[in-house]
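As C-alpha cells, the structure follows; a few thoughts come after it.
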Amino acid sequence: MNTITAAGKKLAEIEQQLFDTCLDNTPLSLFNGKGGLLLLYHNLYTVLGDNDYSRKSQLITEQLMDDITQGIPSFTYCDGLTGIAALFSYLREKEFFDSSIDGLLEQCDQVLHNALQVTLDNANWDYLHGAVGIILYFIERNKAGRDTAALGPMIEKVVQGQLEQGREYTNCGMAHGLVSLLMLLIKYARIAADPVNIRSNIKAIAEQLLTFKSPNPGSLSVFPSIVKPANPDEWNYEVPLGWCYGDTTISIGLYHAGKALHSTYLVKEATELALHTTRRVNRQDSRVFDAGFCHGSASVAHIYRKWYQYTLDPVFLDSYHSWIDQTIAMCSFEDGIGGYKKFTGKTYSPECGVLSGAAGVALVLADFIGDGPGEWDRFFLLS
C-alpha cells in the first residue's frame, strides 16, 4: 500500500470516528472542541470536494450555534469566544457564511475589545489564553481595510511587557511565548500604516530569541523551551520537535522575521536551524511520542512541508514524507480515535481536537492527500 492510499484510508477512519463519537462530547472550543471539527470539515470539503463533508459542516455549525446560545465559558483563543469568532470570521471570508453572520461578528468585536483591555491590565500576554490571541483576531478582522491604528498601542504594551518579563522568565515557544509574539508582529507589519516601529520590535524579539541559542554544537536542540536568564546553567536543550515548543517552530518564526526585516542573516539562521532539526529522526532524538499537532508528528511533517515551499530543498521534502509515514504509523491504539491518542507525559488519552487530537492529524493528512496546504494553519500562526 503506497503512502497516499494509506493516508486516505486512515483519514476516512479518523473522520468517521470523529463524527460518530465526538460531536456530542466536545466543548465549544476552536482547538479542543466543535470549532476545530468545523474547521476540519470545511477544509476536507475544500481540499477533497466531497459533498458529504459540506453536509457535516452544516450539521456542526447548527450545533455550534445552539451551544453559543447556552453561553461561552471564556474569552480565550484556545477554548473561548476569541477562537470561535476567529473561525466564523475566517469562514465568512471563505463564503461558507453569508452576510447574516456579520451582526454576530460585530457583537463579538465589542465583547472582545473589552476582554482585551482586561487581559492587558492583567499582564496576560499569552497566545492561547490571553492578549496575543485576541489581538490576532482583530488583525485578521482588520485585513479588509478597517482602521488598524488602535491596535498599535496595545501591541506595544504586549511587546514591552514581554521584554520586561524576560528579565526574569522567558517562554521561547509558540503556544505561550516569544514565537507567537514574533508572528503577531509580522502579521501586523503587513497591515500597519507605519510599520517602522513594528519592524523595530520584530528585530528586538528575534534578537532576544537568539540570545538563548545553545553554545554547544552537540546539544540535542539549539534553543530551550522556558528559561530564567539569570540561571543559564539550568536551561534545557532537550526540547521535543513540534508546534508548541522547540526548534521547528522557532525556525518558522525566525524565517518570517528575516523576510519581514529583509535580513539574509536571520533567514540563514532560520534555515540552518530547520536543517538541523531534520537530523532528529527517531523518538529518542525527536522526543515525539504521539501524532497530534501540538507536540507530535503531524506538526513536524506540516512544518517541513512549509520549509520545502520556502526553499525547494529536497531535504525538507524527504523529511515531510518521512514524518507523514511516522504519523500514519502512530495509529496504534485500538481504543483511540482512528487509532490515535495524545501522550500526556505518563500515559495516553484519546483526544478529538485539532490541537492535540485526531482532528489535527486529519488536517495534515488531508493536505497530504489533496496536495494542499489548506489555509487552516493560520490559526496556528504558521501563515
Side-chain angles (χ1 to χ4, degrees), residues 26-36 39 64 67-68 71-90 108-109 111-141 151 154-166 168-185 187-188 205 225-227 242-246 249-250 253 292-296 299 342 344-345 349 351-357 359-360 376-382:
T26 55
L28 185 71
S29 164
L30 172 60
F31 277 168
N32 296 307
K34 287 189 183 74
L39 177 63
L64 268 172
D67 288 351
I68 287 171
I72 298 179
S74 76
F75 297 112
T76 71
Y77 198 91
C78 180
D79 290 316
L81 178 62
T82 305
I84 297 301
L87 174 65
F88 284 1
S89 180
Y90 170 78
C108 291
D109 291 348
V111 173
L112 291 174
H113 183 271
N114 294 332
L116 177 56
Q117 295 298 330
V118 173
T119 61
L120 291 171
D121 291 343
N122 291 335
N124 178 358
W125 321 124
D126 198 270
Y127 166 37
L128 294 189
H129 305 292
V132 167
I134 302 177
I135 293 171
L136 173 64
Y137 165 75
F138 282 115
I139 287 175
E140 297 291 358
R141 286 281 283 157
L151 294 175
M154 299 177 185
I155 293 173
E156 183 67 25
K157 186 170 184 177
V158 174
V159 171
Q160 295 308 315
Q162 281 274 33
L163 292 174
E164 182 177 343
Q165 175 183 286
E168 298 181 0
Y169 167 93
T170 299
N171 185 310
C172 298
M174 176 73 88
H176 311 289
L178 288 184
V179 179
S180 57
L181 178 56
L182 193 58
M183 294 300 291
L184 181 80
L185 290 167
K187 281 180 173 285
Y188 185 60
I205 297 298
S225 54
I226 298 172
V227 300
W243 172 79
C244 53
Y245 290 98
T249 200
I250 290 173
F293 200 85
C294 184
H295 51 260
S299 65
K342 171 189 175 180
T344 63
S349 172
E351 299 281 345
C352 296
V354 296
L355 182 62
S356 300
W376 56 267
D377 71 356
R378 78 188 228 181
F379 294 99
F380 291 90
L381 277 174
L382 294 174

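Residue numbers run from 1 in the order of the sequence given. If you're wondering where the values come from, they're calculated on a predicted model, not measured in any experiment.
In this structure, Tyr127 and Met183 have side chains that are not in contact, with every pair of non-hydrogen atoms separated by 4.5 Å or more. For the pair Thr76 and Leu128, the minimum side-chain heavy-atom distance is 4.5 Å or more. Residues Tyr245 and Asn171 have side chains in contact (heavy-atom distance under 4.5 Å, counting atoms from C-beta outward). Side-chain contact between Leu381 and Lys187: present, with at least one pair of heavy atoms (C-beta onward) separated by less than 4.5 Å. Using a 4.5 Å heavy-atom threshold, the side chains of Leu39 and Tyr90 count as touching. A 4.5 Å side-chain heavy-atom check between Met174 and Ser180 finds at least one atom pair inside the cut-off. Looking at Val354 and Phe293, their side chains never come closer than 4.5 Å, going by heavy atoms from C-beta outward. Between Tyr137 and Cys108, some side-chain heavy-atom pair lies under the 4.5 Å cut-off.
The two atoms that bring Val132 and Leu184 nearest to each other are O-CD1, 3.8 Å, heavy atoms only. Minimum interatomic distance between Ile72 and Gly80 (heavy atoms only, all atoms of both residues): CG2-C, 3.9 Å. The minimum heavy-atom distance linking Cys244 with His295 is given by the pair SG-CB, 3.6 Å. The two residues Leu120 and Ala131 make their nearest non-hydrogen contact at CD2-CB, 3.9 Å. Here the closest heavy-atom approach between residue Ile84 and residue Leu30 is recorded as CD1-N, 4.0 Å.
Side-chain contact of Asp79 with Ser29: a donor-acceptor pair under 3.5 Å is present, judged by distance alone.
Ring-plane geometry between Tyr77 and Phe31 is classed as perpendicular, the angle between the planes exceeding 60 degrees on a 0 to 90 degree scale with a lower cut at 30. By the 30° and 60° cut-offs, the orientation of the rings of Phe138 relative to His113 is perpendicular.
In this structure, the side chain of Ser349 does not engage the main chain of Lys342 through any donor-acceptor pair within 3.5 Å.
The CG atom of Asp377 sits 11.5 Å away from atom OG of Ser299, with the distance rounded to the nearest 0.5 Å. Rounding to the nearest 0.5 angstrom, the gap separating the OG1 atom in Thr249 from the CZ atom in Phe380 is 11.0 Å. Remark: Asp126 CG to Ile134 CD1 distance equals 10.5 Å, nearest 0.5 Å. We find the CG-CG distance between Leu112 and Leu81 to be 4.0 Å, quoted to the nearest 0.5 Å. Put simply, CH2 on Trp125 and CD1 on Ile135 are 9.0 Å apart, with the number rounded to the nearest 0.5 Å. Here Asn32 contributes atom CG and Cys78 contributes atom SG; the two are 4.5 Å apart, rounded to the nearest 0.5 Å.
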